[in-house]
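Scroll down for the structure; my scribbles are underneath it.
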Amino acid sequence: MAGADGDDSLYPIAVLIDELRNEDVQLRLNSIKKLSTIALALGVERTRTELLPFLTDTIYDEDEVLLALAEQLGNFTMLVGGPEYVHCLLPPLESLATVEETVVRDKAVESLRKISQEHSPVDLEVHFEPLVKRLASGDWFTSRTSACGLFSVCYPRVSSTVKAEIRQHFRTLCSDDTPMVRRAAASKLGEFAKVLELDYVKSDIISLFTALASDEQDSVRLLAVEACVSIATLLPQEDLETLVMPTLRQAAEDKSWRVRYMVADKFSELQKAVGPEITKNDLVPAFQNLLKDCEAEVRAAAANKVKEFCENLPEDSREQIIMTHILPCVKELVSDTNQHVKSALASVIMGLSTILGKDNTVEHLLPLFLAQLKDECPEVRLNIISNLDCVNEVIGIRQLSQSLLPAIVELAEDAKWRVRLAIIEYMPLLAGQLGVEFFDEKLNTLCMAWLIDHVYAIREAATCNLMKLVEKFGAEWAQNTIVPKVLGMANDPNYLHRMTTLFCINALSEACGQDITTKQMLPVVLKMSNDQVANVRFNVAKSLQKIGPVLDSNALQSEVKPVLEKLATDTDMDVKYFAQEAISGKLVFPPPAAETSLYVRFYRSGKPDDHAVFLSSSTVLSLALHNVLWCWGGYGWDCIIVGLEWGGPVFPSNLVFFFPPLVQYFFLK
Amino acid sequence: LAANKAARGNDFQWCFSQVKGAIDEDVAEADIISTVEFNYSGELLATGDKGGRVVIFQHEQESKNRPQLRGEYNVYSTFQSHEPEFDYLKSLEIEEKINKIRWLPQQNSAHFLLSTNDKTIKLWKISERDKRAEGYNLKDEEGRLRDPFRISSLRVPVLMPMDLMVEASPRRIFANAHTYHINSISVNSDHETYLSADDLRINLWHLEITDRSFNIVDIKPANMEELTEVITAAECHPHQCNVFVYSSSKGTIRLCDMRAAALCDRHSKFFEEPEDPSSRSFFSEIISSISDVKFSHSGRYMMTRDYLSVKVWDLNMENRPVETYQVHEYLRSKLCSLYENDCIFDKFECCWNGSDSAIMTGSYNNFFRMFDRNTRRDITLEASRESSKPRATLKPRKVSTGGKRKKDEISVDSLDFNKKILHTAWHPKENVIAVAATNNLYIFQDKIN
């Protein structure tokens, strides 16, 4: 290597090596992440004889360092001298596979699986398989859990004697004393079954599967459900009934709701794995039971699968099964006592209309949709509205519009701003399906009302909504219906509404095109540059920057530039700043604040709402200041208390950071 | 074998082994022991104190020089588990006092325990290190910096043996889930979850997930003025991962099955002994409040401690306990003064021996009681400096209950109510017990004859 002639080329590597045990975790982590650089400098020989032994014993470190190490070692084959020497990587990974931290162990196993492929068949038997055995018979269950993930990678590539040993080890782990190990074995059962010969699947795996599925711990039993899917796909249809179905039936009626939940959650996969005949005879009644389960969590999981289950039913009997078996249960779920169940159903129920066709939808499903549209829980109504497109294709939305409108209006005026936010997001979709006439007549007023909502997030979403509507209905429509109203707000006595005009213009200018922007919007923006509120003025600067590209260059030079130059000499610091920025044409963040945490209590309509805010140098803090009514605190305080006049969300990104806080981190609920 | 001996009752005698802690009469508040717990093998013994510290003692191997002594417990690791905190939102001080310690089943060469104060549960790892890396590139052996231009070869550090170092590091912090004071934590037999109980709620945690827990019991009434009972203790069944119990201030115990529903508001068993109307008094409700509940190792029974008695319940019989042992019945006439000095609210704990054949609980005057379940014999012993000579046999103590006081008996009126034994622990396999008396930890063991 270089360095003999007195240059400093080894210096960076020397630093990296020394920092492998620096006191600062971050530096250690950096070094570990550049482990390949170190290995490259040391050469393959020294990496094998010196670096790896050192790393093998370094398992005292912090989790994040160990995690990085485990990951690095998975890509180290070439650095130790290629596949011939890949087994040198086993000792450090073996010790990493026994640490208590699951993420580290899993990463070590992942790397072991990766390098197992780089072992020659001989090396696999000489080096790798003994390691698996050592882990499998280790004293501590951390090592035994790690072993479970390694059987499937070496099984296909070893001799039949070794294969028999591996099967024996897996059997032992499936009946381990500790539930941790049995869970690990159960979760790898499916994967292991895939690499086994079919005869052994039938003789070995099935008995293990049956045992795990009736384990005393429900945390083990529920994992067997997952294995059931892979095992069922491996077996020929004629064996399923005797080998898998007894266990599956038992799981679907397990005493523990967690196991039944798992069955419900995996229902579509199970349905595909067992095929149409068993589905008809067994899964349909099982599904009915899950939909009527006494535990709401299970009903919700099953309700989520209603559409998928129906879709995958064999076509010849699909309609009959749905109409006689599934629909009665669905009808009951519509009036379930638990709102999660109802909303889970509402998110998929519309999908049934495409399966059942027009007549059945009108006769049977429509009453359910209408009932859910009137549900007391807003989430249920929202889920119905968000899936309207399915119904639209089958029966047309007109059938629903009479009930739809009151539901939309009610959601639009819901007291919870998150609900209002959600319905706004569906507006463009609804507008597209209901058509422009219906929209102008019934929904336009709602869209405009949102612009003056007292929650900023709603106003913001409302501007975005307008943009999408314009994209949908075109510039001409915008000019006739929206633009006049938006521009009218520029004269509103409330400065927040005046700013909304600016935000709308920012959003709409592109969709409306040069003509409307220059002729109608620009004059309003320019006029607002004389606003008495500084917040409005600096937003004018920002708006001008935003709409600049849409304007024609004449207007830009003759009208925009003078205004910006005037703003650049404003008495207000922020106005000046944004004006200068607009002139220079690039966006620069405000001067960075020191990295620090700040505890902020917001009062909204008299109710306290606390946030721990992490402010970093890159956090942009600007918007919420516009809504601050009062502020209490200052230098030397450990918190500031801010009164806001709206009820919207507070994120670090819309806070203004206006004094250096001298604060420690606060733990907050 | 040892367990069998215990079952036969007085076949052996308890003798003094060790005492830990300062001798001074002057007791610092922070030094008062607030919990004692053996790990699963009995090799380690942990104590927590009001100062937020955890001290772990390790069982030393038997020494050849003194074969009569079966190894002693010596300090293995000491660390500050909790610090005093201040809740700024509620203007509440949060004490650092360790309310409970629970060991996790051992999973690798390190040991893990959960410790909790009123609000925050922490998972600690206690591990050993006996190697140290040596050799730097940029400095020489004396720590002098080397000239970066003179580095002609790279050195990889080598690990050299060093003196054993025991490290305790916090691995997880489970915070912000309890509005009220945490009274119990209990590790589930599934090895991946544990529960924590406060006055009104029980939460279920995953040991690897700190940012969410599931509320499984909530007895908080919509209107707090309607509050009539609080949760006093909770524990998971030792083998059935779906079963846990919690006791209440009304003297009842509820057993819940987590398989039945996600929210265990409805219990599956309700253990309550009908009240004897003849003994009803103003204090009945206070003294019936359960201060501790413990499953037997076998999982068949559970034991509850109320102010005056210990009861053993068969899980299959809900209407009355199968065994009731009076701990200090002579205090029944003193309840009025015990109420005035607040002693009546003392929370005595109780524990089983390794084979479930004997139980132990504390009393006042540094007395502690043991009951043999087979012979029904009971014994009162004292943890005191006077009898703390090596191998000294503990003499049984007697409290005279009115009438004439016999020799060796102590009168009820001369009991010291400031010396109370609230926390005791029994080695899971052997007859070794740890008894916390204020700031001292006494370790006793059976005398091998």
Side-chain angles (χ1 to χ4, degrees), chain A residues 1 3-4 6-8 10-11 13-15 17-18 20-21 38 41-42 46-47 50-51 53-54 57-58 60 63 98-103 138-143 178-180 183 216-220 254-259 261 294-297 599 601 608 610 638-639 666-669, chain B residues 85 87-90 104-110 112 119-120 125 127-129 131-139 146-159 165 167 169 171 173 175-177 179 188-193 207-208 239-242 257-263:
Chain A
M1 292 271 121
D7 68 273
D8 60 351
L10 282 181
Y11 182 71
I13 309 289
V15 172
I17 295 179
D18 284 3
L20 279 174
R21 52 207 176 92
I38 297 176
L42 289 172
R46 292 190 69 194
T47 299
E50 293 178 49
L51 185 62
F54 171 70
D57 284 322
T58 323
Y60 301 114
D63 304 331
T98 63
V99 302
E100 68 281 352
E101 203 55 55
T102 315
V103 280
D139 283 341
W140 305 121
F141 66 71
T142 46
S143 85
T178 55
M180 279 289 187
R183 274 198 295 275
E216 55 170 15
Q217 297 244 342
D218 54 0
S219 60
V220 179
D254 198 281
K255 217 176 158 198
S256 168
W257 69 269
R258 292 206 289 165
V259 178
Y261 172 90
C294 55
E295 173 59 42
E297 300 274 351
Y599 157 48
R601 167 171 280 194
D610 298 300
D638 51 15
C639 69
F666 281 79
F667 251 118
L668 291 171
K669 273 186 105 161
Chain B
E85 282 178 89
D87 183 336
Y88 292 87
L89 296 185
K90 301 199 184 86
L104 264 56
Q106 200 173 358
Q107 51 181 334
N108 59 9
S109 58
F112 290 82
K119 298 285 177 191
T120 306
K125 174 185 181 180
S127 56
E128 296 182 355
R129 179 187 288 211
K131 282 187 196 130
R132 188 168 45 132
E134 279 182 9
Y136 281 98
N137 286 296
L138 303 180
K139 355 179 220 203
R146 287 201 180 109
D147 179 0
F149 289 95
R150 298 255 170 109
I151 295 171
S152 55
S153 65
L154 292 171
R155 295 176 67 181
V156 177
V158 279
L159 289 157
M165 201 166 86
E167 294 174 315
S169 46
R171 298 312 298 250
I173 294 173
N176 301 327
T179 314
N188 194 314
S189 62
D190 65 12
H191 292 191
E192 68 175 355
T193 57
L207 279 162
E208 297 192 349
H239 315 302
Q240 291 169 326
C241 65
N242 49 290
D257 186 343
M258 289 189 268
R259 291 177 304 184
L263 195 64

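The chains referred to below are lettered A, B, ... by the order of the sequence lines, with proteins before strands, and numbering in each begins at 1.
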Fill in: R46(A) side-chain N/O to L154(B) backbone N/O, donor-acceptor pair under 3.5 Å
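Yes: the side chain of R46(A) pairs with the backbone of L154(B).
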Worksheet item: Does Y136(B) offer a backbone N or O that forms a donor-acceptor pair with the side chain of D18(A) under 3.5 Å?
Response: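 Looks like no, no N/O pair under 3.5 Å.
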Against chain B, label [X] side chain, backbone, both or neither, depending on which of its atoms sit under 4.5 Å from a heavy atom there.
{"X": "V103(A)", "value": "neither"}
{"X": "Q217(A)", "value": "both"}
{"X": "T102(A)", "value": "both"}

Taking every heavy-atom pair that is under 4.5 Å apart, which of [options] has the most such pairs with chain A?
{"options": "S153(B), S169(B), S109(B)", "value": "S109(B)"}
{"options": "L159(B), N242(B), D190(B)", "value": "D190(B)"}
{"options": "G135(B), A262(B), S127(B), C241(B)", "value": "A262(B)"}

Discussion item. Does this structure show an ion pair linking R171(B) with D63(A), if we count only N-O contacts that are shorter than 4.0 Å?
Written reply: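 D63(A) and R171(B): salt-bridged.
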Worksheet item: Would you call D218(A) and R259(B) a salt bridge, using N to O less than 4.0 angstrom?
Response: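 Not counted as a salt bridge, because no side-chain N and carboxylate O are separated by less than 4.0 Å.
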Heavy-atom closest contact ([X] atom, [Y] atom, distance):
{"X": "F54(A)", "Y": "A133(B)", "result": "CE1-CB, 3.7 Å"}
{"X": "I17(A)", "Y": "V156(B)", "result": "CG2-CA, 4.3 Å"}
{"X": "H191(B)", "Y": "M180(A)", "result": "O-CE, 2.8 Å"}
{"X": "S189(B)", "Y": "P179(A)", "result": "O-CG, 3.3 Å"}

Go through the atoms of [X] and report whether side chain, backbone, both or neither lie under 4.5 Å from a heavy atom of chain A.
{"X": "A260(B)", "result": "backbone"}
{"X": "E167(B)", "result": "neither"}
{"X": "T193(B)", "result": "neither"}
{"X": "D87(B)", "result": "neither"}
{"X": "Q107(B)", "result": "both"}

Fill in: Test side chain to side chain contact (heavy atoms under 4.5 Å, CB included) applied to L263(B) - qualifying residues, sequence neighbours left out
N215(B), D265(B)
Discussion item. Only pairs of heavy atoms separated by less than 4.5 Å count here; which of E216(A), E295(A), E297(A) has the most with chain B?
Written reply: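 That would be E295(A).
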Discussion item. Taking every non-hydrogen pair under 4.5 Å, which of E50(A), E101(A), E100(A) racks up the most with chain B?
Written reply: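 Of E50(A), E101(A), E100(A), E100(A) has the most heavy-atom pairs under 4.5 Å with chain B.
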Discussion item. Would you say that more than 12 heavy atoms from the other residues, nucleotides or ligands in this model lie under 6.0 Å from the OH of Y261(A), or not?
Written reply: no
